[in-house]
Every structure is written in C-alpha cells, then in structure tokens.
Protein chains: 2
Amino acid sequence: MNQPNQADPEPCPVARSAGIVADRWSLLIVRDAFDGVRRFSDFQRSLGIARNILSDRLHRLLDAGILAMQAGSGGGAHQQYVLTAKGRSLFPVVVALRQWGEHYLFGEGEAHSELVEKKTGKPLRAMLPLADDGHAISADETEVRKLGTAGAPQER
Amino acid sequence: MNQPNQADPEPCPVARSAGIVADRWSLLIVRDAFDGVRRFSDFQRSLGIARNILSDRLHRLLDAGILAMQAGSGGGAHQQYVLTAKGRSLFPVVVALRQWGEHYLFGEGEAHSELVEKKTGKPLRAMLPLADDGHAISADETEVRKLGTAGAPQER
DNA sequence: CAGTATCCCTCAAGATACTG
DNA sequence: CAGTATCTTGAGGGATACTG
C-alpha cells in the first residue's frame, strides 16, 4: 500500500486532497450533497452504490469533516448528512470538474445537465486561475515553490 | 461493475470527469505533467508508482486525449508525455484541489508547497465560481438544470 | 532508459441477509 | 427507513523479471 495515512505526511496539497476526495464515490457523494441530497437512501438510489460502501464513504467523509450529521427538521425526523463549511469549500473543485467535463466530454449534439444561477437561470462563468493581480493565468506562467519543513531534504 | 463506459452514457459532467481523472494516480500524473515531468522514469520516481500501473495510466490518459506523445527535443531524444490542450484545461481542477488542500488539510505550523506566478512570485488568488455577471456565487445560489435527451425520462 | 509480461495479494465493491 | 454484517468477486496495484 502506498496511500499516505499518518506516516509519510504527503507534502503536496493536491495529493492530500486527492487522497481524500479523488476516489470513485466520494466526489459524487459530495456532488449529490451540493444538489441537496441528505438521506442515506437518497444517496443510495441516486448513485446506485452498494449500501455497505455508501456507509463506509459517508463515514470517511464525516471523519474528514466534509459532512456532518444533523437531526432532520420536522417531527419524526431522520438523521441527515449535510456539508460542513469545509465540505462546501469543495464547490470550486466540483464546478471545475463539471466545466471541464461539459467542455471536453460531451459530443456536440449530446445534452448534459447544467449548473445555473437560481436567480437568473444563467450558467456560471468558466472558472479560471487568477494571478494575484486578478488576471487569468495559465499553467506555464506558474511554478510550484516547495517549502520543505527544514527537516529532511525534499525530493522535488 | 458500475463504471460507465460506452453504455449508460453518464449524463452528469461531474461524474464523467470523475470517471476519467478521479482515481488514485491519474490526477497526480496530470499534476506532475503540469510541473514539467515528461518522461516515464521521472513520473515513476516522482510518484513511487509501479511501472506497469504507470504504463496503464499513461495509456489511459493518452486515450482520453489528456496527454500526447511527442519526440523529445534534441539529438538522442526519447519520447515524452506532454499535456494536450484538453489536458492543460484541467489546470483549474488541479488548482482548485490544491487550494482546498492548502486551506483545510494542513496544520498551522505545517509547511506545504505553494503555487506561485513565476513573474511575481506571488501565490494565485483563491478560485471562486462566478455567476454570469462576475460576482462570486455560493453553491446554494445555484441549481442543476438537467436537459434530458428528450428520450427516456430522467431520474434526477 | 522505456517500457511489457507475469505473479500474487489486498482491498474496493456488489449482493444479500439481518438488526434497530 | 437506516444502516451493519458477511460473503464473494474482480479490479487495482506492487514486485520482479524480461525485452527493445
């Protein structure tokens, strides 16, 4: 196994994020949560995921602080899974993934769901990385500066 | 198996993107590619991935049109794996993931690598989804409008 | 160096039955 | 309804040996 857990404290934020969220189901659970899905069975039906796996993933997301359990509103309410602030902060990730998919993964005639602003019904703007001064920046205008923890020398 | 291939044409762009890029290694390969890694062995060393798996993932990324092979510049040059336009368009995804990780996955004292603009050395701005008029928009101000292909009725 | 081929093992995942 | 427990399968992944 290679998955960094406690030991080997993965120094790259991308890798760390990926370790949490980049698996087959977690991201889709988060997506559903953004869409207002809150109950176990609704996730299950929406995703077509096995119940034991769903249970496992929900717990992982709870442990990661991305979801929280909350008593459902109303009388005979059930527990609900809701996004925490940390979870809601994944919105840019989900939107970026969506926009890339919309652009590159669908044929010309092929319809796909669309994310729009409720108030206006208009789709969002394309998300672009911006430099400090606010201008759109491409990958080759950037570089990764690594701050080693002053302990062991870094590989890259 | 549930992974949508040809049949079951996954209608959600997030799911389709996730199906391609959201696995343990592909995303990190893309990240490395953004960092200028181009050769098989360099990916291998950088990631600590088994060579057969790396080979498989590189081929998938080639098939997906995210990477392309290219003769290395210079005399006795080797083949190189470079990002295509489609691959470079994943930059927002990688940056969004990175920024989320930087913010939520590192302790206060814990150092992490940082993505900066080459020219100025300054870190990028936080990426935020923007509405059509350019103002930052939160998840609950949006909704997913699904365009069914006018064929079968949609579940959600 | 840049891979491919083979072997083996672990874990993710599905199916199903069961419990509060 | 909301899960947990158990079983089985198969894909993902590591190690290693081999080839152009």
Side-chain angles (χ1 to χ4, degrees), chain A residues 1-8 10 15 18-30 32-33 36-64 67-82, chain B residues 1-8 10 15 18-30 32-33 36-64 67-82:
Chain A
M1 185 48 116
N2 196 3
Q3 198 80 288
N5 299 337
Q6 268 70 337
D8 181 21
E10 186 66 66
I20 292 183
V21 105
D23 78 290
R24 182 156 156 209
W25 292 119
S26 302
L27 208 54
L28 297 180
I29 291 173
V30 170
D32 271 6
V37 176
R38 308 192 151 195
R39 298 192 7 196
F40 189 92
S41 271
D42 292 336
F43 283 110
Q44 206 266 320
R45 248 193 317 281
S46 165
L47 298 169
I49 184 179
R51 287 207 295 277
N52 50 350
I53 303 300
L54 175 58
S55 179
D56 178 79
R57 289 305 180 278
L58 287 173
H59 284 307
R60 280 199 213 177
L61 291 171
L62 289 172
D63 288 350
L67 294 178
M69 301 220 58
Q70 185 178 280
S73 54
H78 302 85
Q79 289 282 89
Q80 317 229 178
Y81 295 91
V82 298
Chain B
M1 186 50 120
N2 195 5
Q3 198 81 288
N5 299 337
Q6 269 70 337
D8 180 19
E10 187 65 65
I20 293 182
V21 104
D23 78 290
R24 183 157 156 208
W25 293 119
S26 302
L27 208 54
L28 297 181
I29 291 173
V30 170
D32 272 5
V37 176
R38 307 192 153 196
R39 301 199 357 205
F40 190 91
S41 270
D42 292 335
F43 283 111
Q44 207 266 319
R45 247 194 317 281
S46 165
L47 298 169
I49 183 179
R51 286 208 296 275
N52 52 349
I53 303 298
L54 175 57
S55 178
D56 178 78
R57 289 304 181 279
L58 287 173
H59 284 307
R60 280 198 213 177
L61 291 171
L62 289 171
D63 288 351
L67 294 178
M69 301 219 59
Q70 185 179 279
S73 54
H78 302 85
Q79 290 280 91
Q80 318 227 169
Y81 297 89
V82 298

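Naming: A, B, ... by sequence-line order, numbering from 1 per chain.
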Any donor-acceptor pair, under 3.5 Å, between the side chain of N52(B) and the base of dG3(C), if you only look at N and O atoms? no
Of the candidates dT4(C), dA2(C), dG3(D), the side chain of S55(B) sits closest to dT4(C)
So, does H59(B) get its side chain near the phosphate of dG3(C), meaning an N or O under 4.0 Å from OP1 or OP2? no
Could you check how far CG of D42(B) sits from P of dA2(C), rounded to whole Å? 7 Å
The nucleotide from dG3(D), dG14(C), dG3(C) with an atom nearest the side chain of A50(A) is dG14(C)
Counting just side-chain N and O atoms, does R60(B) come under 4.0 Å of either OP1 or OP2 of dG12(D)? yes
What is the distance from CZ of R45(A) to C1' of dC1(D), rounded to the nearest Å? 10 Å
R57(A) side-chain proximity, nearest of dC1(D), dG14(D), dA13(C): dA13(C)
Using a heavy-atom cut-off of under 4.0 Å over every strand shown, decide if F43(B) touches base, sugar-phosphate, or nothing. nothing
Below 4.0 Å: OP1/OP2 of dG14(D) and any side-chain N or O of R24(B): yes
Contact under 4.0 Å: R51(B) side-chain N or O vs dG14(D) OP1/OP2: no
Which nucleotide, if any, forms a Watson-Crick or G-U wobble pair with dA17(D), using both distances under 3.5 Å? dT4(C)
